[in-house]
Number of protein chains: 2
Amino acid sequence: MPPKIRPASARSDPPATDTAAPAASPQTTTTSLTVALLAAREALLSRFRPLLAEHGLTAQQWRVIRLLHEHRILDASQLAERAFILPPSLTRILANLEARTLVTRLQPTSDRRRYLFCLTGEGEAIFRSVLPDSMKIYTELEDYFSRDQIALLLDLLHRLAKF
Amino acid sequence: MPPKIRPASARSDPPATDTAAPAASPQTTTTSLTVALLAAREALLSRFRPLLAEHGLTAQQWRVIRLLHEHRILDASQLAERAFILPPSLTRILANLEARTLVTRLQPTSDRRRYLFCLTGEGEAIFRSVLPDSMKIYTELEDYFSRDQIALLLDLLHRLAKF
DNA sequence: GTTATAAACTTAACACGTTAATTATATCCC
DNA sequence: GGGATATAATTAACGTGTTAAGTTTATAAC
């Protein structure tokens, strides 16, 4: 996703209507809301990425693995819906995980359009090896942001998601 | 970004520990926070995208155009920082906008590593033609979510972004 | 039972996200 | 002032996001 951009120290050229709070016009606010959502998400993900990268995983791959651990077996539609990943991306992600033998693809005889997926032993092993560090990050978050504030934020986000 | 996934109607296969609230383990909560941020952002962007698409613009291109309108002239670093776009992406976005003659690239004589960008007349025209609909979406949002709630959400997001 | 329609997944094409390496220019320090 | 170091932007390589179109298999209508 987004940056972690250089200090941007002292610039010279522009008038910099910046620290002067530009009086938030509507579209400024909307845009800053989408950007604020991005920035907040990035603050979280930037802690997870290094951890996942040690295992050659992306955040999306990790979401898929986590869901498969939790539910044992899911089809592609269910994975897409729960991981919030579009079908074309999911196709690639699953092909990748399959090629690395972290997940297995099964064919339900009842409906041959669908595919079911589950973790292999290797997949479970990766899940277990990532989990502890992942929990540690969560603890740090609760340390920074209270449990109540997280709950409040989640509530607002869920309501916004229904907009 | 993410989906707008099919109803997922009645599925048969998995036990579906779903409506039963799985008792939110730590990593479940963290993951759902990153996904909730994604989902909320998507709810907003899914309203903007069709509008922007009418003008052949992506959300990122729109952020750049909006910033250039607001600040007149910015260099790539400033754009990257404010639009929350990584430099490699920005390079492509600016090359694209430049090719469509929506922005102009300038070279400051004082520092020839940098480039300054500003909107062309065409770029300003697109900005003005997108703006009204963009504001309409904002009004709808304020209608759904009170101004206070938006402010509260923005505050929480900014704090989370500093995590 | 055949045809039309829908559903599940895939492919294609293009834009963006992410990390690392590269290039060109500035600046620092001796 | 010349060589090390830092900074601004780009390129490269790969993964994901987004939309539209394509394939295959189910289901509905007749």
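In what follows, chains are A, B, ... by sequence order, proteins preceding strands, each numbered from 1.
- Side-chain contact check for A/S89 and A/R92: at least one donor-acceptor pair (N or O, by modelled atom type) lies under 3.5 Å.
- Using a 4.0 Å heavy-atom criterion, one finds that A/L90 contacts no nucleic acid atom at all.
- Comparing atom distances between the B/R105 side chain and each of D/dA9, C/dC16, D/dT16 picks out D/dA9 as nearest.
- The side chain of A/S89 has D/dT16 as its nearest neighbour among D/dA20, D/dT16, D/dT10.
- Across C/dA26, C/dC9, C/dA15, the shortest atom-to-atom separation from the side chain of A/Y115 is found for C/dC9.
- Residues passing the side chain to side chain donor-acceptor pair (under 3.5 Å) test with B/Q149, sequence neighbours excluded: A/R159.
- Between C/dA8, C/dT10, D/dA8, one nucleotide has an atom nearer to the side chain of A/T91 than all others, and that is C/dT10.
- The side chain of A/L86 lies closest to D/dT19 when the candidates are D/dT19, D/dT16, D/dA26.
- Salt bridge B/K136/B/E140: absent, no basic N to carboxylate O contact under 4.0 Å.
- An OP1 or OP2 oxygen of D/dT7 is reached within less than 4.0 angstrom by no side-chain nitrogen or oxygen of B/S77.
- When the nucleotides C/dA15, D/dT25, D/dT10 are ranked by their closest atom to the side chain of B/Q61, C/dA15 comes out on top.
- Salt bridge present: B/R72 and B/E124 bring a charged side-chain N and a carboxylate O closer than 4.0 Å.
- Closest contact between the side chain of A/R114 and the listed nucleotides C/dT10, C/dA8, D/dT16 involves C/dA8.
- The A/Q60 side chain lies nearest to D/dT16 when the options are D/dT25, D/dT16, C/dA26.
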For nucleotides 1-6 of chain C, give me every protein contact, N/O to N/O, under 3.5 Å, one pair per line with atom names.
none

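- Remark: the backbone N or O of B/L154 is paired with a side-chain donor or acceptor of B/H158 at under 3.5 angstrom.
- Across C/dA15, C/dC9, D/dA26, the shortest atom-to-atom separation from the side chain of A/D111 is found for D/dA26.
- Residue-to-nucleotide proximity on DNA chain D shows that, of A/P88 and A/T58, the 5′-proximal contact is made by A/T58.
- Summary of the strand contacts: B/R92 and B/A76 both lie near DNA chain D, and taking for each the nucleotide with the nearest heavy atom, the more 5' one is attributed to B/A76.
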